[in-house]
Student: 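Take this structure first; my questions come after.
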Protein chains: 2
Amino acid sequence: MSVRSGTVDVSLEALKGLLARIFERNGCSSATASILAANCAGAEAAGSFSHGVFRVDGYVSSLRSGWIDGAAGPEIYSKSPAYVFVDAKNGFAQVALHAARDIFVQRIRENGVALLSIRGSHHLAALWPDVTPFAQEGLIAISMVNSFGCSIPVGAKKPLLGTNPFAFAAPIRGEAPLVFDFATTSMANGDVQLAAREGRTLPPGIGVDSSGEPTTDPNKILNGGALVPFGGHKGSAISLMVELMVAGLTGGKFSSEVDWSAHPGAQTPHTGQIIIGIDPSFSEPGGFSDRSSQFIAMLRDAGMESYPGLRRWRIQDKGSVTISSAMFNRLTEYAAEVKC
Amino acid sequence: MSVRSGTVDVSLEALKGLLARIFERNGCSSATASILAANCAGAEAAGSFSHGVFRVDGYVSSLRSGWIDGAAGPEIYSKSPAYVFVDAKNGFAQVALHAARDIFVQRIRENGVALLSIRGSHHLAALWPDVTPFAQEGLIAISMVNSFGCSIPVGAKKPLLGTNPFAFAAPIRGEAPLVFDFATTSMANGDVQLAAREGRTLPPGIGVDSSGEPTTDPNKILNGGALVPFGGHKGSAISLMVELMVAGLTGGKFSSEVDWSAHPGAQTPHTGQIIIGIDPSFSEPGGFSDRSSQFIAMLRDAGMESYPGLRRWRIQDKGSVTISSAMFNRLTEYAAEVKC
């Protein structure tokens, strides 16, 4: 660990350890703490600052509120060959995915395609860490999560949908996987929170205030206002799809049904998640493997210097992470506090 | 059939018959002609004018150019329980889907989810007619098609992707299915063609001219220019996903590989199509059926007077279609022409 003026360089492993201690001290089982810590530190290392250590306050606050069970053990079952269910039992979605991962991958490889349905889960993290490992194993993954009522679909008059992220990962032969992950709102909630914390105004078109009027003030969006979907009616349609697919297929809550009013401090949406996994090794002729590398070559030939996921991939393994001294101090204090 | 000034009211059945005769006279088998006619007449009846009778010129021109085989018999095979392949043998994608439909639905119901991969296919139609019937059978369907190089992804300098439509259909208990279908470009190519034919200018942000400068002239976009994706980098990412998924999983061509230069008059993209089908009857607790009707009630409660697919659903069965006399005359002439 080295300290510069106002910032701290901490090794990725040390950051994971610090975060795991925080999660354990706030009611997480050792396994859950380790999964969350790897996720959160990995996001920070890859430059996903809205889902990195910035989220620790939200995790701690939610755990302390009793809204989420940090020691939950997920239950896995299946009623058909390619459809795997996990009941997260009011725990974290990442823990449910971790528990079901082996059987899900097996079902993808046996059947060519499979569906993982997670319900009763909390997801406060980025989605790309969920889908990227599938691409590293040669599989394609699409994931969707709904969240809490904070977005007004086109044609509606009040918030109804969540930020409803959509993520995709595909293996590229000899290259970094192609991975994207975005809120189907005009901006991710975490980025609005970051802007509010940093006192920045937002570009136009991101959201509305409590009276439904367009605003560039992140505080007005967060306090009684709402986001709008990206891309007009097309983005709105995708956000509707995420909402219906996730709540409908998992039996989890719709975003607008999330009611944490009895748990002050709760910030983790308690909904569901789906992942569609595809084994492209069945494809022919030529195969997905050949085609994927041709595709990236075509993108480069068309002048694209990068492609979705490449930047994160390149910086994630740099071994250490630079965070502000204020944040480092806050994390250290959390880790030292008595278990609640 | 009744004639008003400048327009003709023709029954849906009569229009299908007229269109089928046109397709047969231009080299389609009777089965293919019937499938295309139902698709094209159905789009016109549902108000999808960019994919209705407007497309007949393109179909005829493509068939006459020798670019597509209107009598092709698709070949179906499967290498894993939930992954069904169709080689369209240079025929129409709708014919390949029709041929594989029963086995694909069976695989969806047996496994919970299945993937249909169509390659060597031509798709000049709307996508919603492909996915809607799945919802009518209680299934969820997602479909993607790539097309021909006419769109510049964010970060690229020349056209590379197709209009790459994405479609979704889900059953809603007691209501019309929720169905959407959109080009992942800022506008569908058919709508740009319609605007050019009608002498309209386009809104800003749709495309660029041959020198890469933004333009609102549809002719400049169609002649050496290009479209751009909808929704900035998020829509661009979805369009990249469609391109990689479809060409990669089917073994069909990438949009930018479509080369019809040896077939003057060819207008049908010769690529591939995928459909992901899900059987939501496995979902629990409460089930997708309950949740779907709750979702529509929530949309209405939030002030949405309609939802994607509802308008088309309501008008599609009105029994007759009004088309311009000029178009009706053109269709009648096509139908009377000697088989090429």
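Order of the sequence lines sets the chain letters (A, B, ...), proteins ahead of strands, with each chain counted from 1.
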Student: Taking the side chain as every heavy atom from C-beta outward, state whether B:P308 and A:L240 have any atom pair closer than 4.5 Å.
Tutor: yes
Student: At a heavy-atom separation under 4.5 Å, does B:I140 approach chain A through its side chain, its backbone, both, or neither?
Tutor: side chain
Student: Can you tell me if CZ on A:R314 sees more than 12 non-hydrogen neighbours from other groups inside 6.0 Å?
Tutor: no
Student: Between A:K79 (side chain) and B:F282 (backbone), is there a donor-acceptor pair under 3.5 Å?
Tutor: yes
Student: Which answer fits B:F254, side chain, backbone, both or neither, if we ask what part of it has an atom under 4.5 Å from a heavy atom of chain A?
Tutor: both
Student: Going by heavy atoms in the side chains, are B:P153 and A:Y307 under 4.5 Å from each other?
Tutor: no
Student: What distance do A:M298 atom CE and B:L244 atom CG have between them, rounded to the nearest 0.5 Å?
Tutor: 10.0 Å
Student: So that I can tick it off, tell me whether B:E257 and A:R291 are bridged by a salt bridge, with the cut-off set at under 4.0 angstrom between side-chain N and carboxylate O.
Tutor: yes
Student: Distance check, rounded to the nearest 0.5 Å: B:K234 atom NZ versus A:S186 atom OG?
Tutor: 6.5 Å
Student: For the CD1 atom of B:I108 and the OG atom of A:S80, what is their distance to the nearest 0.5 Å?
Tutor: 12.0 Å
Student: Does some side-chain heavy atom of B:V154 sit less than 4.5 Å from a side-chain heavy atom of A:M304?
Tutor: no
Student: Highest number of heavy-atom pairs under 4.5 Å with chain B: which of A:A247, A:A82, A:S306, A:A183?
Tutor: A:A82
Student: Tell me, side chain or backbone of A:F166 under 4.5 Å from chain B's heavy atoms, or both, or neither?
Tutor: side chain
Student: Can you tell me which portion of B:L299 sits under 4.5 Å from chain A's heavy atoms? Options are side chain, backbone, both or neither.
Tutor: both
Student: Which residues, numbered in order, of residues 167-177 of chain A come under 4.5 angstrom of chain B by heavy-atom distance?
Tutor: A:F168, A:A170, A:I172
Student: Can you tell which part of A:L160 gets under 4.5 Å to a heavy atom of chain B, answering side chain, backbone, both or neither?
Tutor: side chain
Student: For B:Y83 versus A:D279, what's the shortest heavy-atom pair and its separation?
Tutor: CE1-O, 3.6 Å
Student: Taking all non-hydrogen atoms of both residues into account, name the closest pair between A:F230 and B:G235 and its distance.
Tutor: CE1-N, 3.8 Å
Student: Measure the shortest side-chain to side-chain distance between B:L249 and A:F288 over non-hydrogen atoms and say whether it is less than 4.5 angstrom.
Tutor: yes
Student: Got a second to check how far B:N111's CG is from A:E110's CD, nearest 0.5 Å?
Tutor: 10.5 Å
Student: As an exercise, state the distance from CE of A:M241 to CZ of B:F180, rounded to the nearest 0.5 Å.
Tutor: 5.0 Å
Student: Which heavy-atom pair separates B:S283 from A:G248 by the least distance, and what is that distance?
Tutor: OG-O, 3.6 Å
Student: Return the minimal non-hydrogen interatomic distance between A:L115 and B:V113, and the atom names on each side.
Tutor: N-CG1, 3.7 Å
Student: Closer than 3.5 angstrom, by distance alone: can the side chain of A:K157 be matched with the main-chain N or O of B:D301 as a donor-acceptor pair?
Tutor: no
Student: Pick one of side chain, backbone, both or neither for A:S292, based on which atoms fall under 4.5 Å of a heavy atom in chain B.
Tutor: both
Student: Do you know which of B:A302, B:G112, B:P81, B:G231 has the most heavy-atom pairs under 4.5 Å to chain A?
Tutor: B:A302
